[in-house]
Each structure stands twice: as structure tokens, then as C-alpha cells.
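In what follows, a single structure is set out as C-alpha cells and then discussed.
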Amino acid sequence: TTIEMAVTDQLTGLHNRRYLETHFNGLFDESALRARDLAVLMLDIDKFKLVNDTYGHDAGDEVLKEFARRVREATRVIDVVARFGGEEIVVVLPETGLHSALAVAERIRSQVQSESFAIRGGLTQIPVTVSIGVASRRAGDPSPAQMMKRADEALYRAKGEGRNRVIAAAA
């Protein structure tokens, strides 16, 4: 339907950024209102530009689709999984504290690196890894943007510390 198209990323089948922003706001407000846990993961495929440069954009698209599938497989139905842009995916985890969010992130990281990604109709296998930044809602957070900023900073640290790792936002 047209509504599905408006909230879905065409390539990966995940939710798109617009859907993410709307739903993250609602989950954030509810979490704050009810004093419930809420966490967010920011995922970025390591060295994705190299995949595109080496194998071409069609192969990059295949990697993105499989990446999205593995992330979706490692998350719950209630979690919001959305393509944020390029090779970045954001996962919002309702009713989830930092400790559990780290476990989810580690499960995703492990599932991504566990098996090579088949591209070019299965003719080529390439290793893919992911870096993940994790943040949870804090009492003083005015909006989801603060959580996203911390998750993004943690992701940046994960990249800087060698990639293929999960890093929690600094306390």
C-alpha cells in the first residue's frame, strides 16, 4: 500500500527514517511518563564504502539487504528497526535497560560476522562486520535526540577502537 511505502525503506524492507522519528518520539514519551526503560542501538557496517568500491553498488545493495535481514532476525517484533541512512541502521528497544540492550547489540554483532555474506548470486562470499553504539534513556533526557547523540558517540568510539565491537554510551 501507499502508506507502507511511505514508512518503509524500499531496498531493505525496514522502516525508514521518517517512521523511526515518529515512533521513537512516542516510545520516548511513554517511557518517560511511565518511568520505563528504553534503549537505542546505532549500527554501522564497517568499511562499507570498500564493499561498494570493490564489488560495485549492486553488491553493496545485496549486503545491505542481508544485513537488514540479520538485524531483524536478532530483534523482537516490538523493537523498531529502521534504516537511518546509507549503511546505518537504528534499533529502538522498548522496555529494555542498558545491560539487556548490550546483549542484543552483541547478538547482532555476532550474527553479522558469523557467516560471510553471499553476493553476485552466491558466487562471491565476503566477510562483513558491524560497529554498534548503545545508549539508554536517562531521567534528564529532554528528547530522543539526546539518546541518539550518545549512541552515535558510542558508535564513533567503536569505530575508533578497531570496529566490529559494541560500545555503550559513556555514563
Side-chain angles (χ1 to χ4, degrees), residues 7-9 11-17 19-21 23-24 26-28 30-31 36-51 59-119 122 125-138 141 144 146-171:
V7 297
T8 305
D9 174 65
L11 177 67
T12 61
L14 297 176
H15 291 301
N16 63 21
R17 192 169 178 158
Y19 179 94
L20 170 73
E21 286 165 358
H23 281 73
F24 195 2
L27 289 167
F28 180 89
E30 191 176 315
S31 157
R36 293 276 214 270
D37 285 333
L38 180 67
V40 64
L41 313 179
M42 191 166 278
L43 293 68
D44 190 59
I45 297 174
D46 296 323
K47 299 184 176 173
F48 185 70
K49 186 182 179 313
L50 195 62
V51 172
D61 286 353
E62 286 183 82
V63 167
L64 278 172
K65 281 183 204 167
E66 175 60 14
F67 176 60
R69 192 192 66 73
R70 291 188 195 187
V71 171
R72 191 70 264 188
E73 205 172 68
T75 53
R76 305 167 299 181
V77 177
I78 64 163
D79 300 330
V80 176
V81 182
R83 184 171 178 197
F84 193 64
E87 68 281 14
E88 277 192 337
I89 289 179
V90 169
V91 181
V92 182
L93 305 163
E95 306 281 329
T96 306
L98 188 60
H99 183 75
S100 299
L102 285 167
V104 172
E106 183 51 41
R107 185 166 69 232
I108 292 169
R109 190 203 61 74
S110 168
Q111 227 158 332
V112 168
Q113 80 144 24
S114 69
E115 210 178 311
S116 291
F117 283 50
I119 57 168
Q125 303 281 331
I126 58 170
V128 175
T129 60
V130 60
S131 297
I132 307 176
V134 183
S136 58
R137 189 183 61 77
R138 296 184 185 154
D141 285 342
Q146 285 304 114
M147 289 177 67
M148 288 288 282
K149 186 175 188 293
R150 285 198 304 276
D152 196 43
E153 286 164 359
L155 169 61
Y156 191 77
R157 288 207 341 262
K159 295 269 185 199
E161 289 177 24
R163 299 184 178 84
N164 190 24
R165 65 193 64 223
V166 172
I167 302 267

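For Ala151, the side-chain contact (heavy atoms from CB on, under 4.5 Å) partners at least two apart in sequence or on another chain are Val40, Met42, Ala135. Listed by chain and residue number, Glu73 satisfy the side chain to side chain donor-acceptor pair (under 3.5 Å) test with Gln111 (two or more places apart in sequence, or in another chain). Residues passing the side-chain contact (heavy atoms from CB on, under 4.5 Å) test with Leu11, sequence neighbours excluded: Asp9, Asp61, Leu64, Lys65, Arg83. For Glu62, the salt bridge (charged side-chain N to carboxylate O under 4.0 Å, His left out) criterion is met by no residue, not counting sequence neighbours. In this structure Glu161 satisfies the side chain to side chain donor-acceptor pair (under 3.5 Å) test with no other residue, sequence neighbours excluded. Qualifying salt bridge (charged side-chain N to carboxylate O under 4.0 Å, His left out) partners for Arg70, counting only residues two or more places apart in sequence or in other chains: Glu66. With sequence neighbours excluded, the residues satisfying side-chain contact (heavy atoms from CB on, under 4.5 Å) with Ile78 are Arg76, Pro94. Evaluation of the side chain to side chain donor-acceptor pair (under 3.5 Å) rule for Asp141 yields Arg150 as partners, not counting sequence neighbours. Residues passing the salt bridge (charged side-chain N to carboxylate O under 4.0 Å, His left out) test with Glu30, sequence neighbours excluded: Arg34. For Tyr19, the ring pair (Phe, Tyr, Trp, His ring centres under 6.0 Å) partners are His15, His23, not counting sequence neighbours. Every salt bridge (charged side-chain N to carboxylate O under 4.0 Å, His left out) that Glu153 has, sequence neighbours left out, goes to Lys149. Remark: Ser131 pairs with Asp46 by the side chain to side chain donor-acceptor pair (under 3.5 Å) rule, at least two apart or across chains.
For the atom pair CZ (Phe28) and CE (Met148), the distance works out to 12.5 Å, reported to the nearest 0.5 Å. Distance check, rounded to the nearest 0.5 Å: CZ of Arg17 to CG of Leu20 gives 8.0 Å. Here Asn16 contributes atom CG and Glu21 contributes atom CD; the two are 9.0 Å apart, rounded to the nearest 0.5 Å. Note: Ser100 OG to Leu93 CG = 9.0 Å, rounded to the nearest 0.5 Å. Of the inter-residue distances, the one linking Thr96 atom OG1 with Leu38 atom CG reads 8.0 Å to the nearest 0.5 angstrom.
Phe117 and Phe67 get closest at one heavy-atom pair: CE2-N, 3.5 Å. In terms of heavy-atom proximity, Met147 sits nearest to Arg137 at CE-N, 3.5 Å. Summarising the geometry of Phe48 relative to Gly60, their closest heavy-atom pair is CZ-O, 3.5 Å, with the distance given to 0.1 Å. The minimum heavy-atom distance between Gln125 and Ala118, with the atom names listed, is NE2-CB, 3.7 Å. Ala39 approaches Ala101 most closely through the heavy-atom pair CB-CB, 3.5 Å. When all heavy atoms of Asp79 and Arg72 are compared, the pair lying nearest together is O-NH2, 3.4 Å.
Tested against Ile108 for a side chain to side chain contact (heavy atoms under 4.5 Å, CB included), the candidates Val81, Ile132, Ile89 yield a single pass: Ile132. None of Val63, Asp44, Leu43 except one satisfies the side chain to side chain contact (heavy atoms under 4.5 Å, CB included) rule with Glu87; the exception is Asp44.
Under a cut-off of 6.0 angstrom, the local environment of OH in Tyr156 is sparse, with at most 12 non-hydrogen atoms contributed by other residues, nucleotides or ligands.
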Between Val104 and Val91, is a side chain to side chain contact (heavy atoms under 4.5 Å, CB included) present by the stated rule, with each step listed?
CA-CA 10 Å; Val104 172; Val91 181; 5.6 Å; no

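Side-chain contact between Val134 and Glu106 is absent, with no heavy atoms from C-beta onward closer than 4.5 Å.
Side chain of Arg165 to backbone of Arg163: a donor-acceptor contact under 3.5 angstrom is found.
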